[in-house]
> 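Sending over a structure as structure tokens; questions will come in a sec.
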Amino acid sequence: MSITKTDTMEELLEKGLDFFYKHFPESKKPDKMGVGPGRVNLIGEHTDYNDGYVLPMALPMVTIMLGRANNTDTCRVVTACVDFDDTIDSNRTEFKIPTVKPLSVGTPKWANYVKGVIACFQSIVVGFDAVILSSVPLGGGLSSSASLEVATYSFIEAITGNKTIQLVKKAMVCQKAEHMFAGVPCGIMDQFISVMGVHGHALLIDCKTLQYQPVPLTENTYVFLITNSNIHHELSNGQYQLRRYQCEEASDLLNVPSLRLATMDNLNRVHFEGKINQIIYKRARHVITEIERTKSAADALARGNYKMFGELMNDSHNSLRDDFEVSCPELDQLVELARKVPGVLGSRMTGGGFGGCTVTLVNRTAVNTVVETISTEYTQNPKFYVVSPSCGARIFTTL
Ligand code: GLA
């Protein structure tokens, strides 16, 4: 088993042009492209919808949407990345730009992300022919859906010439599309980092004020290794929503607008008085401590203290596993295996949980040993990626 090489944006573009000619042989050359990266969250999990901090970075893996306006009121879209588990899905969709009745959710499922963004876009969209390709693993917890929404939005900006100046607004529209058309009540993190990512940096995002601060990741000795557990992660199955409700219940009990404003002292007092049940207590404890860990971790990174950063990653995973209960045996096993290897500073699950990926901070010289150790012990066909922080959404108006 070795490190998986993923297509660069340029390689995807080349494949995308061929794919477009194959599916739209009568069309002229595509001239517009929108690009949205996936993300890996380094620390700050399940804190975004609690008004807390997160520290993600944008990935070199991206989703691209490329094509051209077709002078009709119809959108025709073909994707090269259908989830083959989903038998009712097909790789092609066609729908009219609505004039009276709004666009609605339907099949294929992937098309809902495209429709959602069109429905929430700031101006009327024109008909187009387009193809979608991606190097972000689907359902791997690396925000393949946010990258599709952001690629779609950027493509629509290109074909309408109507660019959104306030990038936070762009991220919020994509989040709204996910809420309304994918039925996932996600926080803002994934769309935010996919829009705003800064090359060479992670972003410390304050999800209350939506202010952010780039934190440089310049140290060459250590790298971030992503391991895909190959356990399909699905956020629309109710567990994510349940966690949101439990956090709301905790903030109501603590009489604060969100857990961002709660403290462990408050929480322990309410617990001591017997006013909070054990599950809600544990959920809140995760969020309150994770917000603190995220601030400390950003601080540690800024000071070049990678050892401390790694320890905080470990604590984050343990809290997600034991208190927030969003890990799974496979993610726990991957984390344990990685932590055994000398040169690993920290390892944790990343993203919503219940499958998907882990992220490991490891000395560059020890990467191969981690890969070998995991490949020997973990039997579910893991995939490995060494990633560097990349830039956010891109809009191309000529190709
Ligand atoms: C998913 C959601 C994000 C965030 C993470 C957990 O990725 O889309 O908004 O809540 O889970 O940190």
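Read the numbers this way: they start at 1 and go in the same order the structure lists the ligands and their atoms.
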> Given the side-chain rings of F181 and Y113, with only the six-membered ring counted for Trp, is the space between their centroids under 6.0 Å?
no

> Is the shortest distance from a heavy atom of R39 to ligand 1 less than 4.0 Å?
yes

> Of all the atoms in ligand 1, which lie at a distance below 4.0 Å from a heavy atom belonging to M189?
4 (C), 5 (C), 12 (O)

> Let's go through Y240 and Y49 carefully: what are the C-alpha distance in whole Å and the side-chain angles of both, what is the deciding distance for ring pair (Phe, Tyr, Trp, His ring centres under 6.0 Å) to 0.1 Å, and is it a yes or a no?
CA-CA 11 Å; Y240 184 87; Y49 54 84; 5.4 Å; yes

> Atoms of ligand 1 less than 4.0 Å from Y49 heavy atoms?
10 (O)

> Please identify which atoms of ligand 1 are closer than 4.0 Å to at least one heavy atom of G187.
9 (O)

> Please state which option from Y240, F324, F192 has its nearest heavy atom closest to atom 10 (O) of ligand 1.
Y240

> May I ask you to decide if H46's main-chain N or O and N50's side chain share a donor-acceptor pair within less than 3.5 Å?
yes

> Does atom NZ (K5) have a neighbourhood of more than 12 heavy atoms from anything else shown, all under 6.0 Å?
yes

> Using atom types as modelled and distance alone, determine if a side-chain donor or acceptor of E45 lies under 3.5 Å from a backbone N or O of G351.
yes

> Please identify which atoms of ligand 1 are closer than 4.0 Å to at least one heavy atom of C186.
2 (C), 8 (O), 9 (O)

> Is the backbone N or O of L334 less than 3.5 Å from a side-chain atom of T358, with the two atoms forming a donor-acceptor pair by type?
no

> What atoms of ligand 1 come closer than 4.0 angstrom to any heavy atom of D48?
3 (C), 4 (C), 9 (O), 10 (O)

> I need the atoms of ligand 1 closer than 4.0 Å to a non-hydrogen atom of E45, numbered in the order shown.
6 (C), 12 (O)

